[in-house]
Every structure is written in C-alpha cells, then in structure tokens.
Amino acid sequence: MDKLKILVVDDESRMRKLVRDFLEREGYAVLEAGDGMEAMDIFYEEKDIALIILDVMMPHMDGWQTCREIRKESKVPIIMLTARSEERDELQGFELGVDEYISKPFSPKILVARVTAILRRTNALASDDLLHADGIEIDKAAHMVKIDGKPIELSYKEFELLTYFVENQGIALSREKILNNVWNYDYFGDARTIDTHVKKLRSKLGDKGDYIKTIWGMGYKFEVQS
C-alpha cells in the first residue's frame, strides 16, 4: 500500500523538520510548505493528500485563509497549530471545519497519535490491521511481526501483548488492565504471568525491547525513544 501523504505547513523550518521526522518514522510521506500560498500550490498539484497540518501565523497567507481556501475544494482533514490558545481562536478553527486544534508547544508524539486517530476515523487508514512503531511492524491480520523489516517469531500471547502495548503507546498500563485486555477477564492467573511474557518479549525485540518501560509497583508503558 502506498504511503499516506501529509502536508505540513509552517513558516518555521525547524518545526516542519520536527513534525516530518516523527511522521516519517510512523510510515507517512510528508510534503512541506513554508506559507499558505505555497501550501495551496502543493494542494492543487497533489490530489491525494490525506491530511494537512496547518500553522495559523504565517506570512503571505495565514492559516485561517488557507483553511478557507482548502474548504472550498475539499473536506481533507486539517489539524491547526497555533502559539495562541484563546478560546475564540479555537472556536473559529472548528467553525472553518478544522478537525483538530493543537496549541504550541506540543508533544510530537501526541500530534502523531492525533494524526493516526483522525485518519482512522476518516477511513484514510484502510484498516487497523497494520501497526507501526519505530521499526516495529505488526500485521494483525497475518499475525506477523517484523523488526526493521525482518520477521520475528512470537507466541500467540506475546503477539497479543505487543499489539496491546503498541496500540496504547505512551499510556501507563497496570498489570490488572493488561490481564483484563490481553488475557481477558476470565483469566485467573496472577501478575507474574505478565512479567514473564514481558521478559521474553523484550528479549525477542532486541534493542527495541527497551521501549517497554517498567513502572515499578504498577505495570508497564510502551514508549518509543526519540
């Protein structure tokens, strides 16, 4: 499947690079524009843009005007970025048909999570069967995991555990919650079962096993290192 294209529009090249790096790590193709006029040129040239990340404060044509122009032609999902967090700005964004509104400074990981959620909601991501996390690729339909393109062998529960971690990146998960979701409510084992599976899973993931963080006295959190 072709990579989904995301247009990042911001007059700060450093900000564009930051966002681009995180999006490309998750398998998206990224187009860049430094202002609204350049963004419109790209928008008209590229007919298959899946989502637009749009800064408000830009020269030549600001984000509001760019959003208005895009909405005349398309319902493509738009995430607005702004350094201002006043309520009237946010309300204006939603009135213009903005899908998400994120104030600077923001966490790139949260932005990527919002992008993925919107694309799933709008069916641009054809299915939830493929998951990606910094070189870890999970094909839920085929029950297959690849690390940097190379398949690895996991048991059924190891696969389910890794999938649950990746689907809940950055979220602290208690052992009880993991048991309920991976082993189901009718499982009568104890927390040591999870610890054993996590130990094996970390080993099979190699260096990427470090992404599974232990939260002492609680459980685990899957977090990709930037």
Side-chain angles (χ1 to χ4, degrees), residues 1-85 89-135 137 139 146 148-149 169 224 226:
M1 188 176 79
D2 292 338
K3 292 182 178 181
L4 293 177
K5 292 180 184 176
I6 297 176
L7 174 58
V8 178
V9 190
D10 196 306
D11 59 329
E12 294 183 50
S13 59
R14 182 180 58 84
M15 179 62 69
R16 294 199 307 270
K17 183 181 185 306
L18 175 68
V19 174
R20 184 189 71 217
D21 288 347
F22 273 83
L23 289 171
E24 287 181 342
R25 186 182 296 173
E26 294 303 311
Y28 297 111
V30 178
L31 307 170
E32 295 183 45
D35 60 58
M37 294 181 70
E38 186 182 351
M40 293 308 301
D41 288 341
I42 295 173
F43 174 74
Y44 286 122
E45 289 173 7
E46 302 280 347
K47 295 301 184 184
D48 55 349
I49 294 173
L51 182 141
I52 298 173
I53 298 173
L54 187 58
D55 188 36
V56 170
M57 303 298 290
M58 295 183 295
H60 308 305
M61 184 191 289
D62 68 13
W64 300 128
Q65 185 59 34
T66 306
C67 183
R68 289 188 188 96
E69 294 299 318
I70 291 171
R71 280 290 171 258
K72 290 177 183 177
E73 305 288 337
S74 171
K75 294 182 179 180
V76 61
I78 296 175
I79 295 177
M80 294 290 282
L81 303 179
T82 180
R84 292 160 31 183
S85 57
D89 290 334
E90 191 165 343
L91 289 173
Q92 180 179 353
F94 289 127
E95 287 171 4
L96 289 174
V98 170
D99 295 82
E100 284 281 359
Y101 189 97
I102 299 178
S103 298
K104 295 178 179 178
F106 57 86
S107 160
K109 293 178 184 177
I110 294 298
L111 176 62
V112 170
R114 297 275 183 90
V115 166
T116 301
I118 290 173
L119 290 174
R120 283 182 180 151
R121 197 163 68 226
T122 58
N123 295 319
L125 285 176
S127 111
D128 293 342
D129 285 344
L130 289 176
L131 301 174
H132 299 272
D134 194 29
E137 180 181 322
D139 186 333
K146 293 181 181 178
D148 295 328
Q169 290 185 57
V224 172
S226 58

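These numbers were taken from a predicted model, which means no experiment stands behind them.
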Name all residues meeting the side chain to side chain contact (heavy atoms under 4.5 Å, CB included) criterion together with A113; count only those two or more places apart in sequence or in a different chain, and write none if there are none.
-> none
For I110, check side chain to side chain contact (heavy atoms under 4.5 Å, CB included) against everything at least two apart and list the hits.
-> S107, R114
Looking at [X] and [Y], what are the two nearest heavy atoms and their distance?
X    : Y    : answer
F106 : S103 : CB-O, 3.6 Å
L51  : L119 : CB-CD2, 4.0 Å
V8   : V19  : CG2-CG1, 3.9 Å
L54  : G63  : CD2-O, 3.4 Å
M58  : M61  : CE-O, 3.7 Å
V98  : C67  : CG2-SG, 3.9 Å

Counting N and O atoms only, with roles assigned by atom type, does the side chain of K109 sit under 3.5 Å from a partner on the main chain of V224, one being a donor and the other an acceptor?
->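 Answer holds: yes.
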Do the side chain of D99 and the main chain of I78 share a donor and acceptor less than 3.5 angstrom apart?
-> yes
Check whether any side-chain heavy atom of [X] sits under 4.5 Å from a side-chain heavy atom of [Y], and report yes or no.
X    : Y    : result
Q169 : D134 : no
V76  : R71  : yes
L31  : E46  : yes
V115 : Y28  : yes
F43  : I52  : yes
D55  : V9   : no

Donor-acceptor list for residues 32-40 side chains, cut-off 3.5 Å, not counting sequence neighbours:
from : atom 1 : to  : atom 2 : distance (Å)
E32  : OE1    : R16 : NE     : 2.9
E32  : OE2    : R20 : NH1    : 2.4
D35  : OD1    : M37 : N      : 2.9
D35  : OD1    : E38 : N      : 2.8
E38  : OE1    : G34 : N      : 2.9

Atom [atom1] of [X] and atom [atom2] of [Y]: how far apart are they, to the nearest 0.5 Å?
X    : Y    : atom1 : atom2 : value
E26  : I6   : CD    : CD1   : 10.0 Å
E69  : Q65  : CD    : CD    : 5.0 Å
E137 : L131 : CD    : CG    : 9.5 Å
L4   : I49  : CG    : CD1   : 12.0 Å
I70  : K72  : CD1   : NZ    : 11.5 Å
I79  : I118 : CD1   : CD1   : 4.0 Å

K17 with D21: basic N within carboxylate O range, under 4.0 Å =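 Result for this pair is yes, salt bridge flagged.
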